[in-house]
2 protein chains.
Amino acid sequence: MKKTILVFGLLILALLLLFQFSKYALVSNNLKIEIIIAIIAIVFFAIGVFINKKSLHKHNLVSKEIDHKKIKDLEISNREYEVLIGISEGLSNKEIGDKLFVSESTVKTHVSNLLSKLNAKRRTQALQIAKDLQII
Amino acid sequence: MKKTILVFGLLILALLLLFQFSKYALVSNNLKIEIIIAIIAIVFFAIGVFINKKSLHKHNLVSKEIDHKKIKDLEISNREYEVLIGISEGLSNKEIGDKLFVSESTVKTHVSNLLSKLNAKRRTQALQIAKDLQII
DNA sequence: TTTTAGTTCATACTAAAGTACCAAAATGGT
DNA sequence: ACCATTTTGGTACTTTAGTATGAACTAAAA
């Protein structure tokens, strides 16, 4: 919230500066009107894209973003997470091993640890829980 | 694709008109420079919001809807689809059987048929493919 | 009515997945 | 250098998943 207010404050300040600058530039004839219009257009286009992205993020995209903090809270290691990604891609333990250049035994160890950390009985359940927790 | 080209064509046309109008208005002194800048700003802000919304829709909202037509095209039966849902919920064959009031054998039959229809080797791969095809 | 597709279930089998336990390297911070 | 954690991988085992095949029943379509 504080961040939002700060951003909007800076934005308004920048716009006022731009406004004054364009008037000054016009009067002193340093810049052509086309250039000024182009600058205004680009700036406001960018603001439109930015504002829209922000507001959509809050409502629709939450489920698309990965909660890295939760991964750490669950004490899931790097390698375990890579294995989880492999599972979500529908790979077998052997295939995950080939992808990560380790043996199938190693993958099984990671999977087993992953399941207990996610409190899952099966890899499919792990996927469902991981999606629910927004870590994949 | 054709639609996109049409929209962009009209957009460019509208901008050119706006451009010429602003120059004319300035020369003839009918409008103040502040008003023109404000119009440009509002128009480009709206364009920014519009473009952004369109591009986000294509990526995130389509994937939320189930393609029932594709399910029929793949010749996936009612019961097989119910089993697929069970798989996506992370259930074992036994648990799916309990949920649908059939034996584990029956579930295995459905799963096996489902895998060949989805061209998958494992249930996790079936999930990945089904998501890709937007049937779950 | 015969056919077709879907659902059900069983047996017997093979292949993966998952658990339990152990142990050796590698890594990273204090 | 030392400690804690991660990563690795093995053996032995149990459980679950998946295949192949055959068969019975149902409902709807031809």
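Lettering follows sequence order; numbering is per chain, from 1.
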message = Is the shortest side-chain heavy-atom distance between B/Leu133 and B/Leu74 below 4.5 Å?
response = yes
Side chain to side chain donor-acceptor pair (under 3.5 Å) pairs touching residues 112-122 of chain A, sequence neighbours excluded, are A/Glu80-A/Lys117, A/Arg122-B/Glu95
Rounded to 10°, the helix from C/dT1-D/dA30 to C/dT30-D/dA1 deviates from straight, judged by its five-pair end axes, by 60°
Item to check | Verdict with reasoning, B/Ser103 to B/Thr106, per side chain to side chain donor-acceptor pair (under 3.5 Å) | outcome: CA-CA 5 Å; B/Ser103 76; B/Thr106 304; 3.2 Å; yes
Separation between CG (B/Leu84) and CD1 (B/Ile129), nearest 0.5 Å, reads 10.5 Å
Is there a side-chain contact between A/Val107 and A/Leu100, using heavy atoms and a 4.5 Å cut-off? no
Any side-chain heavy-atom pair of A/Ile71 and A/His68 under 4.5 Å: yes
Whole-Å distance, A/Asp98 CG to D/dT8 P, equals 14 Å
So, with a heavy-atom separation below 4.0 Å from DNA chain C, the residues of residues 70-80 of chain A are none
- Item | Ion pair check, B/Lys99 and B/Glu82, cut-off under 4.0 Å | no
Could you go through the side-chain contact (heavy atoms from CB on, under 4.5 Å) check for A/Tyr81 and A/Ile66 one step at a time?
-> CA-CA 12 Å; A/Tyr81 187 71; A/Ile66 293 169; 3.7 Å; yes
Q) Quick one: are B/Ile76 and B/Leu118 in side-chain contact, heavy atoms under 4.5 Å? A) yes
The contact string for nucleotides 9-30 of chain D, one letter per nucleotide 5' to 3', using protein heavy atoms under 4.0 Å with B, S and - for base, sugar-phosphate only and none, comes out as BBB-----BBS-----------
Tell me, do B/Arg123 and B/Val111 make a side-chain contact under 4.5 Å, heavy atoms counted?
yes
Task: Side chain to side chain, B/Ile85 and B/Glu89, heavy atoms closer than 4.5 Å - done: yes
Sorted by chain and residue number, the side-chain hydrogen bond (donor to acceptor under 3.5 Å, both in side chains) partners of B/Ser105 (sequence neighbours excluded) come out as none
At a 4.0 Å cut-off to heavy atoms of chain A, the contacted part of DNA chain C spans C/dA17 to C/dT19
